[in-house]
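The figures here come from the full heavy-atom set of this structure, side chains too, leaving out hydrogens, waters and symmetry mates. Please read all numbers here as calculations on a predicted model, not as lab measurements.
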Amino acid sequence: MDIRVQNVLKQFSRYPALNDVSLDIRSGELIALLGPSGSGKTTLLRLIAGLETPTAGRIFFGDDDASSKTVQQRNVGFVFQAYALFRNMTVLENISFGLKVRPRATRPPRAEIRKRAMELLDLVQLSGLHDRFPQQLSGGQRQRVALARALAIEPRVLLLDEPFGALDAQVRKELRKWLREIHDKTGHTTVFVTHDQEEALELADRLVVMSQGKIEQVGTPDEVYDRPDNPFVFNFIGESSNLPVEIDNGEVWVGGRAVGLGAGDTPKGAAQLFFRPHDVELVNEGAALAGVVAASRRVGGTRRVELEIGGDAQRIEIDLPFDHPAGDKTRIAFRPKRWRLFSTAR
């Protein structure tokens, strides 16, 4: 099921939670809405679900204008962070609930409902737990039940609002892999909200990076990580360092010295150089950025170094081999196509 969000505005008490947002989601795609708190990602998800109505604009499911339709009419499956399971129902009863409350004309026979629920228990790897109650399950198991319940109604679209946010890191990691496998087996169009960059990069076919009610960039994880469109995306996705620079004669200058980078079409004047800490390499000669190691700490198998640049004590963070001696003067070069310039000249 294709979804098209067309010029959507959503206001709460005159405050625009979403401002002229447009987005195309392809059928069978797993897409992540990613952004800081207040960026509008959950509001967009609720609008797609039918839990909110747009102030302006339209939402299409395929060629059908679903803007004013209810959740039931849209036939979406929704998974909440807090599970929202019925505590007085068994696992099997929770999964079967959506089918049992259908109008009589569309309600499957009791045996068919049980059969479908048991098949979903197998799919979410909870076979044998059908008679347990939610409070007898772990957090990860409850979230699997919540997903099975959403899938039971055979939704056209599956929506997940920070589904792993209440779980510890190890369980989240396991469930991310599991969710991707479930998606590949079922082929549902899936939209999930997260603030966890690692989760979004690992799971999604495409990322939608949001800020202050607008979409900053849409692309595959590789596109968004390696080619951010603007400083916000560069700072928000992954780790980054940035350095104020000057553009002159088509080159990048720091402290009155060229550092071996061509400025491309970036205009003359002040700019910001953005790069990932791991996208640098040590050099002994040639044009480079020189500095003194001011502080360092271990990060896994590398050493995260604060490098002091120039006389104004500007600091950047870089990753160096773990055995690099702290306190040494260091010269670094930037790996090709792994950095970006954004002009700040007026």
Side-chain angles (χ1 to χ4, degrees), residues 1-5 21-37 39-42 44-45 48 79 81 143 147 157-165 167 169-212 214-242 274-280 299-302 304 317-319 334-342:
M1 173 62 64
D2 293 336
I3 302 172
R4 180 158 50 97
V5 178
V21 167
S22 295
L23 175 66
D24 289 332
I25 301 171
R26 297 186 285 266
S27 181
E29 185 173 37
L30 197 161
I31 197 163
L33 306 180
L34 178 67
S37 298
S39 61
K41 56 189 186 296
T42 295
L44 179 54
L45 191 78
I48 293 172
V79 180
Q81 177 179 339
Q143 197 58 285
L147 181 58
V157 177
L158 182 62
L159 307 174
L160 304 99
D161 188 8
E162 305 229 25
F164 310 137
L167 305 173
Q170 184 59 38
V171 175
R172 286 203 308 269
K173 188 173 181 179
E174 293 171 357
L175 288 186
R176 284 201 298 264
K177 180 180 178 182
W178 168 79
L179 178 60
R180 183 71 230 193
E181 292 172 351
I182 294 290
H183 172 80
D184 292 341
K185 288 178 182 177
T186 61
H188 285 90
T189 301
T190 303
V191 185
F192 76 99
V193 162
T194 183
H195 64 273
D196 187 321
Q197 301 169 29
E198 182 181 340
E199 184 170 283
L201 289 166
E202 181 179 340
L203 265 177
D205 296 316
R206 287 193 301 155
L207 309 182
V208 179
V209 184
M210 302 184 67
S211 173
Q212 298 182 335
K214 293 185 177 182
I215 292 176
E216 297 286 348
Q217 186 172 353
V218 180
T220 66
D222 286 346
E223 289 169 346
V224 173
Y225 187 87
D226 293 333
R227 296 182 293 280
D229 279 351
N230 55 50
F232 171 83
V233 177
F234 213 124
N235 273 325
F236 186 74
I237 301 294
E239 296 181 309
S240 68
S241 280
N242 66 85
F274 282 79
F275 60 95
R276 308 289 183 194
H278 55 267
D279 282 330
V280 301
V299 180
T302 63
R304 177 61 54 82
E317 287 193 339
I318 61 174
D319 288 341
F334 299 93
R335 290 177 179 156
K337 300 181 181 180
R338 294 292 187 173
W339 50 272
R340 290 289 306 276
L341 286 170
F342 297 103

>> I'd like to know whether K173 forms a side chain to side chain contact (heavy atoms under 4.5 Å, CB included) with K177, so could you lay out the CA-CA distance, the side-chain angles of the two residues, the decisive distance to 0.1 Å, and finally the verdict.
In response: CA-CA 7 Å; K173 188 173 181 179; K177 180 180 178 182; over 6 Å; no
>> L203 vs H183, test: side chain to side chain contact (heavy atoms under 4.5 Å, CB included). Steps then yes/no.
In response: CA-CA 10 Å; L203 265 177; H183 172 80; over 6 Å; no
>> Working note: V193 + L44, criterion side chain to side chain contact (heavy atoms under 4.5 Å, CB included); need CA distance, chi angles, decisive distance, verdict.
In response: CA-CA 9 Å; V193 162; L44 179 54; over 6 Å; no
> Could you go step by step and tell me if Y225 and Q197 meet the side chain to side chain contact (heavy atoms under 4.5 Å, CB included) rule?
Replying inline: CA-CA 10 Å; Y225 187 87; Q197 301 169 29; over 6 Å; no
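Between N230 and E216, the side chains place a donor N or O and an acceptor N or O closer than 3.5 Å (distance only, hydrogens not considered).
The shortest distance between side-chain heavy atoms of V208 and I25 does not fall below 4.5 Å. The shortest distance between side-chain heavy atoms of R206 and E29 falls below 4.5 Å. Between F275 and I318 the shortest side-chain heavy-atom distance falls below 4.5 Å. Between L30 and F192 there is a side-chain heavy-atom pair separated by less than 4.5 Å. When side chains are defined from C-beta on, D2 does not count as touching D24, because their heavy atoms never get closer than 4.5 Å. A 4.5 Å side-chain heavy-atom check between T190 and L179 finds every atom pair outside the cut-off. Side chains of V299 and D319 form no contact here, defined as non-hydrogen atoms less than 4.5 Å apart. When side chains are defined from C-beta on, I237 counts as touching L34, because their heavy atoms get closer than 4.5 Å.
In terms of modelled atom types and a separation under 3.5 Å, the side chain of Q217 and the main chain of P228 share no donor-acceptor contact. Panel note: side chain K41, backbone G35; a donor-acceptor pair is recorded below 3.5 Å. Side-chain atoms of T189 come within 3.5 Å of backbone N or O of G28 as a donor-acceptor pair.
D222 has no carboxylate O lying under 4.0 Å from a charged side-chain N of R227, or vice versa, which leaves the two without a salt bridge. Ion pairing between R304 and E239 holds under the 4.0 Å rule for side-chain N and carboxylate O. By the 4.0 Å N-to-carboxylate-O rule, R340 lies too far from D226 to be salt-bridged with it.
Taking CG from D196 and CZ from R176, the interatomic distance works out to 5.5 Å, rounded to the nearest 0.5 Å. Interatomic distance, CG of L159 versus OG1 of T42, reported as 11.5 Å (0.5 Å rounding). To the nearest 0.5 Å, the span separating CG on L147 from CG on L175 amounts to 9.5 Å. Atom CZ of R180 is separated from atom CD1 of I182 by 12.0 Å, given to the nearest 0.5 angstrom. Here the straight-line distance linking atom CD1 of I3 with atom CD1 of I31 works out to 9.0 Å at 0.5 Å rounding.
Within 6.0 Å of NE2 on H195 lie no more than 12 heavy atoms contributed by other residues, nucleotides or ligands. When the shell of 6.0 Å around CD of E223 is examined, it contains more than 12 heavy atoms from other residues, nucleotides or ligands.
Contact detail for A204 and P221: the closest heavy-atom pair is O-CG, 3.4 Å. Counting all heavy atoms, side chain and backbone alike, E199 lies closest to T194 at OE2-OG1, 2.8 Å. Nearest heavy atom pair, residue S27 against residue M1, reads OG-N, 2.7 Å. When all heavy atoms of V21 and V5 are compared, the closest pair comes out as O-CG1, 3.6 Å. When all heavy atoms are compared, the tightest approach of S241 to E317 is OG-O, 2.7 Å.
For the side-chain contact (heavy atoms from CB on, under 4.5 Å) test, no residue two or more places apart in sequence or in another chain qualifies with Q212. Taking T186 as the reference, H188 meet the side-chain hydrogen bond (donor to acceptor under 3.5 Å, both in side chains) condition, with sequence neighbours excluded.
Among F236, F334, F342, F232, the single residue meeting the ring-ring contact (aromatic ring centres under 6.0 Å, His included) criterion with F274 is F342.
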